[in-house]
Amino acid sequence: MNSKSTLLLLLSLIALPAFGASFFGPTDGLRDLGYSCYGCNTPVFTGSVVEMRQQGIWPNTAIYSAPDTDRDTKITDGTCRDTDYLALARISGTLATSGNVPRPFILDLSSVIFGTNPPRQCSDTNPSNQWHLLTDWQSRLDRFKSVSGSNFNTSTVGAIVLFTEVANENGFVVSNSVINQIAAYVKQLWPGIPVMAGYPTAANHAGYGMQYTPNSFPYQLDYIATWDYTVTSPADRRYAGDATDPGAYSLLLARLSPTQKLLYNVGAFSFAGPPTTCPARSPINGERFDLLVRNWCAWSFQIHGDRSVGLVTFLWGAPQSWDPNAYGAQRIINWELNNCGGTALRPALVSVANVVSGGGFCFQ
């Protein structure tokens with residue numbers, strides 16, 4: 001996965017706001033990618049995501065998480081359904097063989113290994129964001145491996161996420177030594193699959209991001225997932241640096257070992273109300289999401305491909321039944337489809353897909 005031909009373009013859809021300014025976030029990836037599989041072993045591929053994929057909007061979508069509680073299900077149909085973290089393991093065979101599943105995909109085990117204090121419940125209206133390492137994390141991983149068998153392997157999984165936000169604005173969840181211990185154990189269970197964890201930068205926010213990032217990343221990590229929601233473009237001098245300021249990127253590189261690679265996340269957050277312009281703008285920073293994707297594509301694939309393993313886009317904000325005026329990122333894109341004659345995100349993602357496949361430019 002170190003060459004351009006194997007770089008990943010991955011897309012996480014409607015992730016829960018598990019960590020505030022979140023990266024992937026523990027979420028029901030089955031439902032997010034169009035599956036209806038509550039309490040079943042044979043998922044059915046259906047829903048709006050599939051309809052959008054048929055329009056060519058989502059090339060190479062693939063990230064699956066294993067949560068204990070799926071609050072999105074309650075939001076969607078008004079019922080409260082607690083999700084067993086083994087649900088994902090039980091359909092591993094389908095994920096490994098279905099023609100509807102792009103492979104390799106990212107396997108997010110955040111909520112197999114970590115939990116909140118107090119534990120989250122499906123009925124929570126204000127769930128805890130105080131994450132900690134579960135005391136039985138090893139036995140949970142053993143069981144997940146036993147149930148999933150050999151379906152999660154180097155052919156089906158591109159990387160395993162240990163935790164999506166080891167560091168954030170609240171500090172860091174666990175030390176480097178703990179991450180190294182977890183990573184080593186995961187590598188024993190799934191040999192050959194790269195492991196990663198998430199650490200943000202913040203080029204324009206002194207009290208966030210790298211303030212809590214260790215001086216060097218845990219050596220057992222192969223990839224470092226990173227994001228910076230405080231700048232719209234990595235070319236911003238606060239990120240890229242200049243003669244007077246090294247910038248956040250240089251500080252990030254200084255923390256990498258020679259063999260570690262960066263996986264960049266580009267985020268769009270929930271909206272307070274319906275968009276008013278075509279193309280719609282991401283409320284996280286006022287920029288068009290397609291331009292955010294193109295900017296970070298050029299940086300990660302064409303300018304700094306030697307230290308990059310890929311790009312992931314993250315659409316934050318599920319539909320909120322109690323607030324019809326709240327627009328999550330997917331709803332914003334649907335608004336574009338209905339009001340702008342198409343979404344500007346489609347050609348941007350197609351452009352990135354062309355770069356990943358070995359040709360083209362991010363701004364085609």
Side-chain angles (χ1 to χ4, degrees), residues 12 15-16 18-20 22-30 63-71 82-92 95 105-122 124 127-154 156-168 170-199 212-214 217-225 260 263:
S12 172
L16 283 176
F19 306 111
S22 178
F23 183 56
F24 303 116
T27 183
D28 186 354
L30 305 178
I63 177 170
Y64 295 89
S65 304
D68 269 328
T69 301
D70 175 15
R71 295 181 66 250
D82 289 325
T83 303
D84 181 359
Y85 74 93
L86 293 173
L88 185 63
R90 284 194 291 268
I91 65 161
S92 60
L95 296 179
F105 49 80
I106 284 182
L107 179 63
D108 178 10
L109 300 183
S110 294
S111 286
V112 178
I113 303 169
F114 292 85
T116 61
N117 186 20
R120 290 187 169 194
Q121 302 295 325
C122 184
D124 288 342
S128 171
N129 285 320
Q130 299 303 311
W131 290 86
H132 64 92
L133 181 67
L134 294 169
T135 57
D136 60 345
W137 64 273
Q138 288 175 304
S139 62
R140 286 164 66 91
L141 283 172
D142 289 342
R143 192 176 179 201
F144 190 92
K145 169 64 176 180
S146 177
V147 173
S148 62
S150 60
N151 291 309
F152 295 138
N153 53 58
T154 55
T156 59
V157 177
I160 293 176
V161 181
L162 305 183
F163 195 62
T164 52
E165 282 196 2
V166 178
N168 58 28
N170 297 319
F172 61 92
V173 176
V174 290
S175 65
N176 278 14
S177 61
V178 172
I179 291 294
N180 283 328
Q181 180 187 6
I182 298 170
Y185 196 75
V186 168
K187 289 179 178 182
Q188 290 179 30
L189 295 177
W190 291 280
I193 300 179
V195 298
M196 69 178 180
Y199 300 83
Y212 300 110
T213 298
F217 292 115
Y219 70 89
Q220 287 280 6
L221 294 179
D222 301 292
Y223 306 148
I224 306 299
Q260 288 174 331
L263 178 71

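The chain is numbered in sequence order, starting from 1. Keep in mind it's a predicted model, so treat the numbers as computed, not measured.
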Euclidean distance, Gln188 CD relative to Leu141 CG, rounded to 0.5 Å: 11.0 Å
Beyond-backbone contact of Phe152 with Phe105, side-chain heavy atoms, under 4.5 angstrom: yes
Atom of Gly158, atom of Pro194 and distance for their closest heavy-atom approach: O-CD, 3.4 Å
Parallel, tilted or perpendicular: rings of Phe144 and Trp190 (30°, 60°): perpendicular
Within-4.5 Å side-chain heavy-atom neighbours: Thr156 and Leu95: no
Inter-residue atom distance Leu162.CG - Phe114.CZ, 0.5 Å rounding: 7.5 Å
salt_bridge(Lys187, Asp222) N-O dist < 4.0 Å: yes
Leu86 side, atom CG; Ile91 side, atom CD1 - distance, nearest 0.5 Å: 12.0 Å
Val178 to Leu133 - nearest heavy-atom pair and separation: CG1-CD2, 3.8 Å
Main-chain N/O of Gln220 paired with Asn180 side-chain donor or acceptor, under 3.5 Å: yes
Side-chain (Ser148) to main-chain (Ser92) donor-acceptor, under 3.5 angstrom: no
Side-chain donor/acceptor of Arg140 to backbone N/O of Ser111, under 3.5 Å: yes
Val173 backbone acceptor or donor facing Glu165 side chain under 3.5 Å: no
Mutual orientation of the aromatic rings belonging to Tyr185 and Trp137 [parallel < 30°, tilted 30-60°, perpendicular > 60°]: perpendicular
Residue pair Ile182, Val195: steps toward the side-chain contact (heavy atoms from CB on, under 4.5 Å) verdict: CA-CA 10 Å; Ile182 298 170; Val195 298; over 6 Å; no
Interatomic distance, Asp108 atom CG to Ile113 atom CD1 [nearest 0.5 angstrom]: 9.0 Å
Separation of Met196 CE from Thr164 OG1 (nearest 0.5 Å): 9.5 Å
Separation between CD of Gln138 and CD of Gln181, rounded to the nearest 0.5 Å: 6.0 Å
Nearest non-hydrogen partners of Val166 and Ala197, listed with the distance: CG2-CB, 3.7 Å
Among Phe172, Tyr199, Trp131, ring pair (Phe, Tyr, Trp, His ring centres under 6.0 Å) partner for Phe163: Trp131
Criterion side-chain contact (heavy atoms from CB on, under 4.5 Å) on Leu88 and Leu107, from CA distance to verdict: CA-CA 10 Å; Leu88 185 63; Leu107 179 63; 3.6 Å; yes
N/O donor-acceptor pair under 3.5 Å between Gln260 side chain and Leu221 backbone: yes
